[in-house]
Amino acid sequence: DPVQPHYNFWLSLVDKVNVKAFVDLTLSPSVRQGTQHLLRITGLGGMKPNTLVLGFYDNSIPDDYFLQDPAFSMSQENDHFGVDITSLQAHFPPARDGEGRKSLLPSEYVAIISDARSQEH
């Protein structure tokens, strides 16, 4: 399973940020297909999420929460989580390329919203 090493990272990240969450991962050729997969596979039994959080599709330069949080930006001697800036950057590719272009087209962004809306019951 090519996703397994990433699963362990996400479990550690959830523990480090101290949130209650279920971790579901998928591997897909596009952001849209990945979102479709996650919308179908997430949840526990009859409990299904009813919220999809997306960033704004605008021209603002994205702020990286983790780069600003001292828990991630400052190396800690006995950090048993194994989640640091280097590992975060490896798991979170930049939202824009080196020239400031977005990695997600406007049509893909709107299609993701449309897909989520079509899953409502």
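For clarity, every value in this text was computed on a predicted model and none was experimentally measured.
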Heavy-atom closest pair (Ser28 atom, Ser30 atom, distance to 0.1 Å) is OG-O, 2.9 Å
Closest non-hydrogen atoms of Arg32 and Asp115, given as atom of the first, atom of the second and distance, are NE-OD2, 2.7 Å
For Val3 and Leu27 the tightest heavy-atom approach is CG2-CB, 3.9 Å
Heavy atoms of Ile41 and Asp24 approach each other most closely as O-OD2, 4.1 Å
For Tyr7 and Val23 the tightest heavy-atom approach is CE1-O, 3.4 Å
Q: Would you please test Thr35 and Leu54 for side-chain contact (heavy atoms from CB on, under 4.5 Å) and show each step?
A: CA-CA 11 Å; Thr35 304; Leu54 297 171; 5.7 Å; no
Let me check something: do Leu38 and Phe22 share a hydrophobic cluster, defined by ILVMFWY side-chain heavy atoms less than 4.5 Å apart, either directly or through other members? no
Residues Val14 and Ala21: closest non-hydrogen pair is CG1-CB, 4.1 Å
Quick one: does Tyr57's side chain have a donor or acceptor within less than 3.5 Å of a partner on Leu104's backbone? yes
So CG of Asp15 and CH2 of Trp10: to nearest 0.5 Å the spacing works out to 13.0 Å
d(Asp1 CG, His6 NE2) to nearest 0.5 Å is 9.5 Å
Assigning hydrophobic clusters by single linkage (Ile, Leu, Val, Met, Phe, Trp, Tyr; side-chain heavy-atom cutoff under 4.5 Å), is Phe56 placed with Leu105?
no
- request: Answer with yes or no whether the hydrophobic clustering places Ile112 together with Leu39; edges join I, L, V, M, F, W, Y residues whose side-chain heavy atoms lie under 4.5 Å apart.
  value: no
